[in-house]
Amino acid sequence: MIRSVRWRLLLMALLPLILMLPLLFGLAMLRWINQYDDLVIAKVASDLRVAEQYFGRIEETQAAEVAAVGKSLDFAEAVSGGDGAVSAFLDTKRAEIGLDFLILGSLSDPQMPETLREVALTATTDAPSAHLVLLSATVQKAISEPLAARAAIPLVPTQAARAIARDVESRGMFILAAYRLSDPDMVLLGGRLLNRNLDFIDTMNALVHRDETGAVSRAGTTTLFLEDVRISTNVRLFEGSRALGTRVSEAVWQKVMVTGQTWLNRAFVVNDWYISGYVPLTDVFGDRIGMLYTGFLEAPFIAQRNATVLALILAFVTVIGLSAPLFLWLARGIFAPLEMMTATMARAEAGALDARIGPVDENSEIGAVARHLDRLLDQVEERDASLRDYADNLNNLVAQRTQELQEANHKLEATFTQLVMAEKLASIGEITAGVAHEINNPVAVIQGNLEVVRMGLTPRQQDDMKIELDLIDAQTHRINVMVGKLLNFTRPDEMSDLIASLRADKAVRDSLILVAADLRAHKIDTVISHIPSPIFRAVETELQQVLVNLFTNAMQAMDMGGTLTIHTRPAARDSVSGAEIVVSDSGPGIPADTLDNVFDPFMTTKQGTGSGLGLSISQSLVTRVGGLISVKSMPGQGATFSVWFPAADNSPRVAAKDPT
């Protein structure tokens, strides 16, 4: 027995001559199969051309028939007899020539559908025309009530078809013929419905698929499509049931209907594979509205081709059958271990590290390589287990360190935020004492002089000026309260907790009184709308301070002239009901680069005239009672501030007085 690999390889080197014969045979067979397939495609292309020519003849014939009716003396006599005579005559002729409708129309009639008008315009007294058209269910009903019912086809779910939303095709495909009468405004229109027109499709199929003996092939099929829906076909869905309403595959739809190309290839038709030809159909406007199909079952041709190939293969196998056993006996000792090694390595590459060749009887170099491969796989499995353990430990360590870093980062961000706020509050604290001192002294002088004025007035004068004097007294008191709040801005835990139940509309009215004079002076128009909203809890004076600040900012933004718009309405935040006050101005808006910082202390766009504390204090007052304040602005479109408070039922339960 030859045990050396080199001698076996030498022997195998002589075998290519034997192997070349199957190769050459295979190439020749492949070429024959390709030519056979090309002939089959050429046949379906020829069938498709025949179907197109038949379709064209049908259109020409219909146009000629409609023209013959329009030129007949009987038609002229019916016209002279009035509308009733015309209608009866056209109905008789319609039945004689097999049309679904035959009507006399006027081009000046505004009720004539655009499609019918377009076909009519292509016809003349010398040259009638016929075109494919699509008519909606509405147009069909206007022509003939039963027509729309005959045209409607329920859609059948079809494998590989594109997704669409409708489940019924209500449009109708018609061959529409037109003949212009001697009166250029009058036109004779005759239409043949192709939906469910089985006589038409069967006649076409018999013409296309008739063989040399005159018999019609049962494997041949013909179909008319409205877009991708079979509206006339002899393809069977079940035995005795035609596949009306089934749809073409999306691949065919894309090539024929979307790109306008002809399909000549195998295609899946309803429930089997066919050698198919599809060509797009266009309407009078040149738009693709459907397809014409012809084809035949692929299975008989494939079976015939395969039978021929099988016969040739069997003949070839018979010729070389005696040499094959000798070749296999010589190659078995080499290929068996190699095949086992290849299969084992493939399993190992797929992840089965326990794959092994097992005992090998071959004592040559290849048998030694096979046994060595098993030992190598043992080592690989051991090292893989070690690496997996190491990777698991490393992943756990990385996950632990990542979590620690995330926690440290969150703490650092929180600390940084607290430091920034503390620095801002500290800056405010340094100036509040001086501000309070400078404000309280003039206020004390105002209050003292107010008492002097009251003492100098007679009782009648005091009664006449009671409203003005009381307003001055109330506002000086409010100044004292606001100064106190300014001092307590950096000490929110010491701020007032005199929370009351308030109404948004009343709060707006009370606050507008305080700035009404300034609004008039600046020529500001005020637009107010109130939608009943829930009662909420807040400190009344603090809310007035917030609203007055927003009104004043809006007034300053609009300078001289503009519109201040105020809305109150119910609103919800994070599924919590509440009330919202929206203040909008028609000013230039807030620059985008400062919009995110408008609530920061000392942030102001009125350099030299503002302290930058108004909005910051307003935010503090609103959020302290659970509310929210926000701003939206577009350059050149003004600014809108929204103040939202949770409804009283959703607020913390604290002592409060009823709104008045």
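- Put simply, the side chain of Q637 never gets that close to the backbone of G589: no donor and acceptor are under 3.5 Å apart.
- Listed here is the closest heavy atom pair of Q461 and G456: OE1-O, 4.5 Å.
- Within the 4.5 Å cutoff, the side chain of E540 has heavy atoms near those of the D510 side chain.
- Of the possible donor and acceptor atoms, one in the side chain of N396 sits under 3.5 Å from a partner among the backbone N and O of D392.
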>> One pair to check against side chain to side chain contact (heavy atoms under 4.5 Å, CB included): R230 and V269. What are the steps and the verdict?
In response: CA-CA 11 Å; R230 289 179 176 85; V269 178; 3.2 Å; yes
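- No side-chain donor-acceptor contact under 3.5 Å links T568 to the backbone of I566.
- Partners of Q475 according to the side chain to side chain contact (heavy atoms under 4.5 Å, CB included) rule, which considers only residues two or more places apart in sequence or in another chain, are L471, R478, L514.
- Residues P588 and A557 approach most closely at CD-O, 3.3 Å, considering heavy atoms.
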> Please walk me through it: do H530 and V508 pass side chain to side chain contact (heavy atoms under 4.5 Å, CB included)?
Replying inline: CA-CA 10 Å; H530 297 301; V508 170; 4.2 Å; yes
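- At a threshold of 4.5 Å between non-hydrogen side-chain atoms, the residues L519 and M555 count as touching.
- S633 is linked by a side chain to side chain donor-acceptor pair (under 3.5 Å) to nothing, counting only residues two or more places apart in sequence or in another chain.
- Scanning both residues, S586 and G562, for their nearest heavy atoms gives OG-CA, 3.5 Å.
- Residues L116 and L135 meet the side-chain proximity criterion, which asks for heavy atoms closer than 4.5 Å.
- Closest of all the heavy-atom pairs between A507 and L547 is O-CD1, 3.7 Å.
- Closest approach of L502 to A538, counting heavy atoms only: CD1-O, 3.7 Å.
- F225 meets the ring pair (Phe, Tyr, Trp, His ring centres under 6.0 Å) test with Y278; sequence neighbours excluded.
- Between Q545 and I617 the shortest side-chain heavy-atom distance falls below 4.5 Å.
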>> Walk me through whether L550 and V643 qualify under side chain to side chain contact (heavy atoms under 4.5 Å, CB included).
In response: CA-CA 10 Å; L550 295 180; V643 182; 3.7 Å; yes
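- The salt bridge (Lys or Arg N to Asp or Glu O under 4.0 Å) contacts involving residues 137-151 comprise D100-R150, where partners must be two or more places apart or lie in separate chains.
- Salt bridge D470/R454: present, at least one basic N to carboxylate O contact under 4.0 Å.
- Between the side chain of N195 and the main chain of A151, a donor-acceptor pair closer than 3.5 Å is present.
- Side chains of L457 and L469 form a contact here, defined as non-hydrogen atoms less than 4.5 Å apart.
- Looking at N395, its side chain does come within 3.5 Å of a backbone N or O of A391 through a donor-acceptor pair.
- Considering only heavy atoms from C-beta on, F536 comes within 4.5 Å of L543 through its side chain.
- Every pair passing salt bridge (Lys or Arg N to Asp or Glu O under 4.0 Å) that includes a residue from residues 573-584 is listed here, sequence neighbours excluded: R569-E580, R573-E580.
- Under the rule for a side chain to side chain contact (heavy atoms under 4.5 Å, CB included), the partners of N449 that lie at least two apart in sequence or sit in another chain are V445.
- Taking every heavy atom of both residues into account, L132 and T282 meet most closely at CB-O, 3.7 Å.
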Name each donor-acceptor pair under 3.5 Å that joins a side chain in residues 397-404 to protein atoms two or more places apart or in another chain, with its distance.
from : atom 1 : to   : atom 2 : distance (Å)
T402 : OG1    : V398 : O      : 2.7

>> Set out, in order, the CA-CA distance, both residues' side-chain angles and the distance that settles side chain to side chain contact (heavy atoms under 4.5 Å, CB included) for L134 and T115, then state yes or no.
In response: CA-CA 8 Å; L134 289 185; T115 302; over 6 Å; no
I'd like a table of donor-acceptor pairs (distance under 3.5 Å, sequence neighbours excluded) in which one partner is a side-chain atom from residues 248-260, with atom names and distances.
from : atom 1 : to   : atom 2 : distance (Å)
T259 : OG1    : K255 : O      : 2.3
T259 : OG1    : Q261 : NE2    : 3.2

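- Partners of R247 under the salt bridge (charged side-chain N to carboxylate O under 4.0 Å, His left out) rule, at least two apart in sequence or in another chain, are D228.
- Under the 4.5 Å side-chain criterion, counting only non-hydrogen atoms from C-beta, L621 is not in contact with V539.
- For E169, the side chain to side chain donor-acceptor pair (under 3.5 Å) criterion is met by R166, R171, not counting sequence neighbours.
- Under the side chain to side chain donor-acceptor pair (under 3.5 Å) criterion, R383 pairs with no residue, sequence neighbours left out.
- The closest side-chain heavy-atom distance from V625 to I499 is below 4.5 Å.
- Using a distance-only test at 3.5 Å, with no hydrogens or angles considered, no donor-acceptor pair links the side chain of R537 to the main chain of P646.
- With sequence neighbours excluded, the residues that form a side chain to side chain contact (heavy atoms under 4.5 Å, CB included) with D464 are R460.
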